[in-house]
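Just so you know, these numbers come straight off a predicted model, no measurement behind them. Residue numbers start from 1 in every chain, and the chains themselves are labelled A, B, ... in the order their sequence lines are given, proteins ahead of strands.
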2 protein chains.
Amino acid sequence: MQESQSAATPFAPASLSSVIGVRVQPGPIRLAVIDTDSGFVRVLAKRVGEMGWQQRVLTAAPRPDELVSMRLHALVVDLALFGERGWEFLAQVCESVPGLAVIVCTGSSSVAQRVRGLRLGADDWITKPCHPQEVIARVEAVVRRRKRGAPGAAQDRPVVAGELEIRPDQFQAFVGGQSIDLTRREFELLHLLANAGGRVLERDDIYQHVWGYAMVRGDRSVDVFVRKVRQKIERFSPGWTYIHTHFGIGYRFEPEVPDEDTPGPELEPEESERFMLPGQ
Amino acid sequence: MQESQSAATPFAPASLSSVIGVRVQPGPIRLAVIDTDSGFVRVLAKRVGEMGWQQRVLTAAPRPDELVSMRLHALVVDLALFGERGWEFLAQVCESVPGLAVIVCTGSSSVAQRVRGLRLGADDWITKPCHPQEVIARVEAVVRRRKRGAPGAAQDRPVVAGELEIRPDQFQAFVGGQSIDLTRREFELLHLLANAGGRVLERDDIYQHVWGYAMVRGDRSVDVFVRKVRQKIERFSPGWTYIHTHFGIGYRFEPEVPDEDTPGPELEPEESERFMLPGQ
DNA sequence: AGGGATGTGAAAAGGATGTGAACTGCCTCC
DNA sequence: GGAGGCAGTTCACATCCTTTTCACATCCCT
């Protein structure tokens with residue numbers, strides 16, 4: 001009964017460990033680099049990959065709406081690529097994608113240029129040549145600062161799956177606007193699974209991520225909580241199956257309405273099939 | 001702690017939350033510089049003064065709680081002053097005052113040192129000698145990044161919710177024009193919750209924003225103040241519920257009047273749609 | 001069929017929150 | 001200078017909710 005995984009993302013496939021990761025973030029940082037310096041890009045990409053971040057390398061300026069659709073956390077850009085239009089690009093990006101961390105990484109520059117760049121909205125300005133570790137550290141610093149800015153889970157967008165709506169800002173899931181009444185652990189479990197992009201997550205990984213420490217052999221907590229979540233969802237979204245068991249492995253999230261006849265007696269299946277994979 | 005006032009004006013009393021908060025920069029940036037390099041400090045102070053910022057120059061390390069009471073937005077520090085204890089100081093400040101922007105400005109350093117500093121929580125690392133304009137631009141960039149998310153002066157606009165009217169200009173809440181008589185912290189707490197747009201705020205976030213520094217485990221201050229605020233509101237607006245508890249997470253603000261005519265036995269009372277917020 | 005893995009229900013254990021009150025430090029007023 | 005009040009903190013206790021644990025049923029793969 002093994003099932004195939006979901007489609008690949010535009011980003012380099014992230015390892016499971018990076019999804020479950022060490023608690024740096026709700027997930028790995030999504031980073032884009034705009035540069036043509038192949039040596040620099042290669043070295044940086046290697047380090048970024050080691051960090052478990054997702055990355056994209058661009059050699060030309062994307063449109064602002066493309067940047068938005070990439071759902072980036074940070075952008076590293078060499079303004080030299082753009083010549084005179086660099087300032088314009090920088091200003092436009094900073095204005096149209098205010099949540100995006102912008103780090104300029106470019107060759108030698110004057111104080112006046114750096115000040116201008118920072119004033120236009122850049123978050124940092126690094127002078128080449130530079131060490132990739134420093135670039136990474138500065139990206140981290142900027143992203144960290146950005147997340148601290150807004151209390152509450154403004155960073156996570158709601159996920160709609162089948163009749164379910166998972167809202168990180170409420171630490172709660174809803175069906176038809178009504179709260180499922182999940183506890184914190186239950187919610188985190190569901191949230192983790194729903195954001196795994198259809199992958200099967202192993203028990204140990206789930207436990208590690210939701211409970212925060214390593215699972216001891218024989219611990220049934222994950223199973224018990226999966227049951228609780230299933231029950232609570234079933235009460236409000238009968239007929240649907242969201243959490244699938246993979247024997248000997250773990251669990252996988254995917255909304256599935258068992259064929260036909262018994263749709264919702266009262267619940268309209270309006271938002272069916274609207275499952276969106278988180279970001280990417 | 002030794003200290004010298006570089007600007008004649010002591011810091012103007014300001015909203016506690018504006019120190020750490022998501023708030024837009026209503027007034028000038030409050031900056032402290034820890035350095036003994038009199039030449040650097042003098043030149044920087046001049047520029048800072050021209051910007052209209054408020055500043056303090058310190059020549060020794062203040063305690064974290066002193067930093068909090070200064071209500072700073074940013075701190076520029078030369079780690080060289082501290083010798084080996086510099087890392088310790090940096091780590092402690094960044095951890096206990098998470099809302100404070102920390103910019104290290106120090107002499108020549110290695111990549112490893114800069115990476116270490118940034119990882120410990122510094123927001124930027126500038127190498128001396130440097131141009132004061134660049135220091136200012138970088139401080140601005142960091143502070144700007146932190147206050148993201150609140151367009152305009154929405155945070156200082158009155159909020160009307162249910163029978164409650166929260167007036168930031170008065171540091172007070174009213175019911176029917178009558179003051180609820182909240183204390184400073186009580187008001188800050190209510191104001192923070194009411195401006196969260198219905199999101200659930202975690203205790204740690206609340207504490208960090210209202211109290212200004214990191215909450216230690218076991219601190220019940222948030223709970224106690226929530227009770228005080230609830231009591232005071234209840235006296236003037238009986239029947240309404242404004243602050244909701246989310247077990248294991250924190251609190252959420254949403255005005256709700258229990259309908260007494262249609263007591264649905266087990267069904268949750270419908271969520272109120274009378275709650276309007278300006279921003280968000 | 002056998003052994004291990006998972007589903008299920010309920011009781012026990014563990015934590016979190018509500019609440020009242022004592023305690024501290026600071027300020028004002030007498 | 002001291003009494004009294006106010007704001008904020010800390011503590012103890014009651015209560016409620018959550019999480020863990022356990023025994024047993026059921027399911028799956030070999």
Side-chain angles (χ1 to χ4, degrees), chain A residues 1-3 171-173 179-190 192-193 200-204 206-207 209-235 241-252, chain B residues 13 15-17 65-66 68-69 171-173 179-193 200-207 209-235 241-252 268:
Chain A
M1 78 182 271
Q2 301 291 342
E3 309 180 32
F171 292 84
Q172 193 56 250
S179 170
I180 291 293
D181 196 33
L182 298 174
T183 70
R184 177 168 202 157
R185 280 247 151 79
E186 291 163 356
F187 171 79
E188 282 175 358
L189 173 63
L190 178 61
L192 172 69
L193 285 168
V200 180
L201 299 186
E202 295 184 41
R203 278 189 175 66
D204 298 280
I206 294 172
Y207 194 91
H209 189 274
V210 174
W211 274 258
Y213 45 95
M215 185 175 85
V216 299
R217 213 189 79 83
D219 193 313
R220 302 291 309 282
S221 300
V222 174
D223 305 65
V224 174
F225 272 80
V226 164
R227 181 187 103 239
K228 289 183 177 177
V229 172
R230 279 172 169 162
Q231 280 183 340
K232 289 191 177 179
I233 295 179
E234 175 69 16
R235 288 218 304 271
T241 308
Y242 296 92
I243 301 179
H244 305 265
T245 303
H246 286 241
F247 199 94
I249 306 175
Y251 298 96
R252 177 179 57 89
Chain B
S15 151
L16 245 188
S17 60
D65 61 297
E66 291 176 317
V68 171
S69 68
F171 286 82
Q172 194 54 252
S179 170
I180 290 294
D181 196 32
L182 298 174
T183 70
R184 172 65 166 267
R185 281 221 200 284
E186 289 164 359
F187 173 79
E188 294 287 353
L189 173 62
L190 178 61
H191 187 225
L192 174 68
L193 285 168
V200 179
L201 298 187
E202 296 186 65
R203 280 191 172 65
D204 297 288
D205 288 335
I206 295 172
Y207 193 91
H209 280 79
V210 175
W211 275 260
Y213 42 96
M215 186 175 88
V216 298
R217 210 192 86 85
D219 193 311
R220 302 290 308 282
S221 300
V222 174
D223 304 65
V224 173
F225 272 80
V226 164
R227 175 173 55 94
K228 290 181 178 178
V229 173
R230 278 172 169 163
Q231 281 182 340
K232 289 191 176 179
I233 295 179
E234 175 69 16
R235 286 216 300 273
T241 307
Y242 295 91
I243 301 178
H244 305 264
T245 302
H246 284 241
F247 201 98
I249 304 171
Y251 298 95
R252 175 178 56 93
E268 284 288 298

Donor + acceptor pair across side chains of B:Arg230, B:Tyr242 (<3.5 Å):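 Not at all, the side chains of B:Arg230 and B:Tyr242 share no donor-acceptor pair under 3.5 Å.
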Qualifying residue for side chain to side chain donor-acceptor pair (under 3.5 Å) with A:Glu186, from A:Lys232, A:Gln231, A:Lys228: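 Between A:Glu186 and the candidates, side chain to side chain donor-acceptor pair (under 3.5 Å) is satisfied uniquely by A:Lys232.
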Reported CD1-to-OH distance for the pair A:Ile206 and A:Tyr251, which is rounded to 0.5 angstrom: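 One gets 7.5 Å once the value is rounded to the nearest 0.5 Å.
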Give a yes/no answer on whether the side chain of [X] brings an N or O atom under 4.0 Å of OP1 or OP2 in [N].
X        : N      : answer
A:Arg203 : C:dA5  : no
A:Trp211 : D:dT19 : no
A:Thr183 : D:dT19 : yes
A:Tyr251 : C:dA5  : no
B:Tyr207 : D:dT9  : no
A:Gln231 : C:dT8  : no

Toward the 5' end of DNA chain D, by each residue's nearest nucleotide, A:Asp219 or B:Arg227: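 Going by which nucleotide is closer to the 5' end, it is B:Arg227.
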Nearest-nucleotide comparison on DNA chain D, the residue closer to the 5′ end among A:Asp181 and B:Phe225: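 Of the two residues, B:Phe225 wins.
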Donor-acceptor pair under 3.5 Å, A:Arg220 side chain vs C:dG7 base: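 Side chain to base: pair found, below 3.5 Å.
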Base of C:dG7 paired with side chain of A:Arg230 (donor-acceptor, under 3.5 Å):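 Looking at the base of C:dG7, it does not pair with any donor or acceptor on the side chain of A:Arg230 (distance under 3.5 Å).
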Separation of D:dG8 P from B:Asp223 CG (nearest whole Å):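 From B:Asp223 CG to D:dG8 P: 16 Å.
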Results of side chain to side chain contact (heavy atoms under 4.5 Å, CB included) for A:Arg184 - residues two or more places apart only: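 Counting only residues at least two positions away or on another chain, A:Arg184 forms a side chain to side chain contact (heavy atoms under 4.5 Å, CB included) with A:Phe171, A:Glu188, B:Glu202, B:Ile249.
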Relative orientation of the end axes in the helix from C:dA1-D:dT30 to C:dC30-D:dG1, expressed as an angle to the nearest 10° (five pairs per end):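 What I find for the helix from C:dA1-D:dT30 to C:dC30-D:dG1 is an axis angle of 30°.
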Nearest-nucleotide comparison on DNA chain C, the residue closer to the 5′ end among B:Thr245 and B:Lys228: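 Looking at the nearest nucleotide for each, B:Thr245 comes out on the 5' side.
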Sugar-phosphate, base or nothing in reach of B:Val224, heavy atoms under 4.0 Å: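 Base contact - B:Val224 has a heavy atom under 4.0 Å of at least one base atom.
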